[in-house]
J.: 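I'd like to ask you about the structure that follows.
Below, chains carry the letters A, B, ... as their sequence lines are ordered, and counting in each starts from 1. What you see below is based on every heavy atom in this structure, not just the backbone, and it leaves out hydrogens, waters and symmetry mates. As the structure is a prediction and not an experimental result, all values here were calculated from the model.
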There are 2 protein chains.
Amino acid sequence: MKDPETFAGLTAGRTLDHVLDLHLRLAQSATQRRFSEIFSDLGITQTQLTAMLLIAETPGTSQADIGRTLQMDRATVMGIINRLEGRSLIVRGQSTEDRRRQTLEITEQGVAMLSAAHERSGELGLWLRERFSDAEFHMLAALLKRIHEVDIGGL
Amino acid sequence: MKDPETFAGLTAGRTLDHVLDLHLRLAQSATQRRFSEIFSDLGITQTQLTAMLLIAETPGTSQADIGRTLQMDRATVMGIINRLEGRSLIVRGQSTEDRRRQTLEITEQGVAMLSAAHERSGELGLWLRERFSDAEFHMLAALLKRIHEVDIGGL
DNA sequence: GCGATATTGTATGCTATACTAACATTTATT
DNA sequence: AATAAATGTTAGTATAGCATACAATATCGC
C-alpha cells in the first residue's frame, strides 16, 4: 500500500477510474460509522440530524425544500420526516399560503435533542479535523462541493 | 450561496462542524446516483462492482478479506456475496488450506459483467474528473484516504 | 496435547435509506 | 377553462448495515 497508484491490492490500470469513487465511499462510510458511535445514545442518524438542523434554521420549511437541499427524493424525505415526527422531535403543520405544503417545526423535545447533539458534533468535527491542516480541511470541503453542487451546471 | 462560510442556508456558527461531513455525504450520494444512471442496464451497485473487482484481482479471496478491505461487517459482506452468487456472477469454493474459508471466484458471466462495466466506469470517471484538474483530483483522493485509512493510526 | 480463544462463515431479524409508481389535492400556466 | 406542475402521501421493492447467535475450524498459551 505504499505505491500511490494502487489501492487495496487493485492495480492502477484497471481501477484508476474507481479510485476516487472508492475513497469517497470509504471515507463516507467511515464517517458514518464514527457518527453512529458518538451519537449512539441519542439514536439519531446523520441524515435525520441534518434534516432537523435545516428545520431549525428555517422553521416552516417543507419536505420538498429539504429534498431539494439534501438531494433526496420526496418519498425518501417522507420516511425521514415520519421517523422524526414519530419521536416527536418535529411537528407538521399546515401552511396558510399554499395548502399543498406542510410546515415543519422543531418541538421542545427536538430542541433538547439538538442541544445534546451539539456537543457530540464537536467530537465528530475533531475526529475529522485532526487529520488535516485548516487549509486542507477547507480545500477538501471545496473540492467535495464541486461534485454535488455542479451537476452539469444544474440545481 | 455565495458566502463560502455558509451552506444550504445554514450559517457557519452553528454548523461549521457539519460542513465537511455534509459535503462528504452529498458528494457520495451524488456519485452513487450518477453510478446508478450509468449502470442501470447492468443492475449492479457500486459496492457489488467493487467486490467483484476485488475478487477478480485476487481470485480465491475470502469474504473476510473483502470485509476488511472495504470495511464492512461479515454479515454485510454475506449479503453482497449472496446477491452476486445468486446471479451467478461469482462462485464460492472450498479452501484446501483453511477449511473455515471459502474461496471466491469470478464466473464467465461475471467476466462478461466486468467487461460491460469497464466501459461505463470510464464514463463515471469522466463525470468526476471533469470537475478537477489532475492535481486536484489526486489531492482529493489523498485527502479522502486519510479519513478512512488513518483510523487513529490503525489498520 | 489440551483447553481457551479467535477466525470464518452462516442464519435471522431489525432498521434506515432510496427508489418507483400511482394517487389526490392544490396551485400555476397557457 | 383546460392543462400542467408541485406537494404530500401510500405501497412496494431493493440494498446496505448492524446485532446476535450458532457451528466449524485454527491458533495460541500452557
Side-chain angles (χ1 to χ4, degrees), chain A residues 25-26 28-37 39-40 42-52 60-87 89-104 148, chain B residues 25-26 28-37 39-40 42-52 60-87 89-104 148:
Chain A
R25 203 143 42 85
L26 291 180
Q28 157 59 16
S29 78
T31 304
Q32 197 145 43
R33 222 171 300 125
R34 191 78 190 98
F35 183 100
S36 295
E37 289 171 15
F39 289 78
S40 60
L42 297 182
I44 200 170
T45 67
Q46 267 189 311
T47 304
Q48 288 168 7
L49 180 55
T50 307
M52 286 189 69
T61 343
S62 65
Q63 296 179 189
D65 287 338
I66 291 177
R68 274 186 288 269
T69 302
L70 300 184
Q71 314 201 70
M72 293 187 299
D73 192 88
R74 257 177 303 147
T76 303
V77 176
M78 239 282 147
I80 290 158
I81 296 300
N82 280 346
R83 278 169 223 124
L84 291 176
E85 197 187 30
R87 293 173 62 187
L89 296 172
I90 63 173
V91 274
R92 285 189 242 236
Q94 299 183 11
S95 169
T96 53
E97 307 146 14
D98 187 334
R99 287 192 298 177
R100 292 171 299 186
R101 288 180 151 242
Q102 291 202 328
T103 62
L104 300 171
H148 65 263
Chain B
R25 203 143 42 86
L26 292 180
Q28 156 59 16
S29 77
T31 305
Q32 196 145 44
R33 222 172 299 124
R34 191 80 189 95
F35 183 100
S36 294
E37 288 171 15
F39 290 78
S40 60
L42 296 182
I44 200 170
T45 66
Q46 267 188 313
T47 304
Q48 288 169 7
L49 180 55
T50 306
M52 286 189 68
T61 343
S62 65
Q63 296 178 187
D65 286 339
I66 292 177
R68 274 186 289 269
T69 302
L70 300 184
Q71 315 202 73
M72 292 188 299
D73 192 86
R74 255 179 305 148
T76 302
V77 176
M78 239 274 146
I80 289 157
I81 297 300
N82 281 345
R83 278 169 221 122
L84 290 177
E85 197 186 30
R87 293 173 62 186
L89 296 172
I90 64 173
V91 274
R92 285 188 240 235
Q94 299 184 13
S95 170
T96 53
E97 308 147 14
D98 187 334
R99 289 194 296 178
R100 292 171 300 184
R101 289 180 151 242
Q102 291 203 326
T103 63
L104 300 171
H148 65 262

J.: Just by distance, with hydrogens left out, do Gln32(A) and Arg25(B) show a side-chain donor and acceptor under 3.5 Å apart?
T.: no

J.: For the side chain of Arg99(A), counting heavy atoms from C-beta on, which of dT26(C), dT7(D), dA26(D) is nearest?
T.: dT26(C)

J.: Can you identify which nucleotide, out of dC19(C), dT7(D), dC18(D), has its nearest atom closest to the Thr76(B) side chain?
T.: dC18(D)

J.: Under 4.0 Å between a side-chain N or O of Arg33(B) and OP1 or OP2 of dC19(C)?
T.: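 Indeed, a polar side-chain atom of Arg33(B) lies that close.
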
J.: Counting distance alone, no hydrogens or angles: does the base of dT7(D) have a donor or acceptor under 3.5 Å from a partner atom on the side chain of Arg101(A)?
T.: no

J.: Here's a test of your reading of the structure: between Thr96(A) and Gly43(A), which maps to the more 5' nucleotide of DNA chain C?
T.: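 Taking each residue's closest nucleotide, the earlier one in sequence belongs to Gly43(A).
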
J.: Expressed in angstrom and rounded to an integer, what is the separation of Ile81(B) atom CD1 from dT15(D) atom P?
T.: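 In whole Å, dT15(D) P and Ile81(B) CD1 are 14 Å from each other.
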
J.: Do any side-chain nitrogens or oxygens of Ser62(A) fall under 4.0 Å of OP1 or OP2 in dT7(D)?
T.: no

J.: With heavy atoms under 4.0 Å as the rule, sort Thr47(A) into base, sugar-phosphate or nothing.
T.: sugar-phosphate

J.: Kindly compute the distance separating CZ (Arg74(A)) from OG (Ser62(A)), expressed to the nearest 0.5 Å.
T.: 11.5 Å

J.: Calculate, to the nearest 0.5 Å, the distance between atoms OG1 and CD belonging to Thr96(A) and Gln94(A) respectively.
T.: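 Reported value, rounded in 0.5 Å steps: 10.0 Å.
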
J.: Could you check if a side-chain atom of Gln48(A) sits within less than 4.5 angstrom of a side-chain atom of Leu89(A), using non-hydrogen atoms only?
T.: no

J.: Could you tell me the separation between the CD1 atom of Ile81(A) and the OG1 atom of Thr76(A), rounded to the nearest 0.5 Å?
T.: 11.5 Å

J.: Please confirm whether the shortest side-chain N or O distance from Thr45(B) to OP1 or OP2 of dA16(D) is below 4.0 Å.
T.: yes

J.: Identify whether any heavy atom of Asp98(A) sits under 4.0 Å from a base atom; if not, whether one sits that close to sugar-phosphate; answer base, sugar-phosphate or nothing.
T.: sugar-phosphate

J.: Check this one for me: any side-chain N or O of Gln48(B) less than 4.0 Å away from OP1 or OP2 of dA16(D)?
T.: yes

J.: Which part of the nucleic acid, if any, lies within contact of Gln46(B), taking any heavy atom under 4.0 Å across all strands shown: a base, the sugar-phosphate backbone alone, or nothing?
T.: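 The residue Gln46(B) makes no contact with any strand.
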
J.: Report the distance from atom CD of Glu85(A) to atom C1' of dG8(D), rounded to the nearest whole Å.
T.: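 That distance rounds to 12 Å.
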
J.: Rounded to the Å, how far apart are Met52(A) CE and dA16(C) P?
T.: 15 Å

J.: Using a cut-off of less than 4.0 Å, is there contact between a side-chain N or O of Gln63(B) and OP1 or OP2 of dT10(C)?
T.: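 Answer yes for this pair, as a side-chain N or O of Gln63(B) is under 4.0 Å from OP1 or OP2.
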
J.: If I take atom CZ in residue Phe39(A) and atom C1' in nucleotide dA16(C), what distance separates them, rounded to the nearest angstrom?
T.: 17 Å

J.: Between Gln102(A) (CD) and dT26(C) (P), how many Å, whole number?
T.: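 Answer to the nearest Å: 12 Å.
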
J.: What heavy-atom pair brings Leu104(A) and Ile66(A) nearest, and what distance separates the two atoms?
T.: CD1-CD1, 3.7 Å

J.: Applying a 4.0 Å non-hydrogen cut-off, can you work out what Ala64(A) is touching in the nucleic acid: base, sugar-phosphate, or nothing?
T.: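 Sugar-phosphate: the residue Ala64(A), judged by heavy atoms under 4.0 Å, touches backbone atoms but no base.
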
J.: Rounded to whole Å, please give me the gap between CD1 in Ile66(A) and P in dA6(D).
T.: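 Taking atom P of dA6(D) as the reference, CD1 of Ile66(A) is at 18 Å.
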
J.: Check the distance between dG17(D)'s P and Met78(B)'s CE and give it to me in whole angstrom.
T.: 16 Å

J.: Atom CG of Leu84(B) to atom P of dA14(D): distance rounded to whole Å?
T.: 16 Å

J.: Kindly indicate whether the side chain of Arg74(B) and the base of dG9(C) share any N or O donor-acceptor pair separated by less than 3.5 Å?
T.: yes

J.: Mapping Thr103(A) and Ser29(A) to their closest nucleotides on DNA chain D, which lands nearer the 5' end?
T.: Thr103(A)

J.: Classify Arg92(B) by what it touches in the nucleic acid, base, sugar-phosphate, or nothing, heavy-atom distance under 4.0 Å.
T.: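 Counting heavy atoms under 4.0 Å across all strands, the contact made by Arg92(B) is with sugar-phosphate only.
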
J.: With DNA chain C as reference, determine whether Asp65(B) or Met72(A) sits nearer its 5' end, using the nearest nucleotide of each.
T.: Asp65(B)

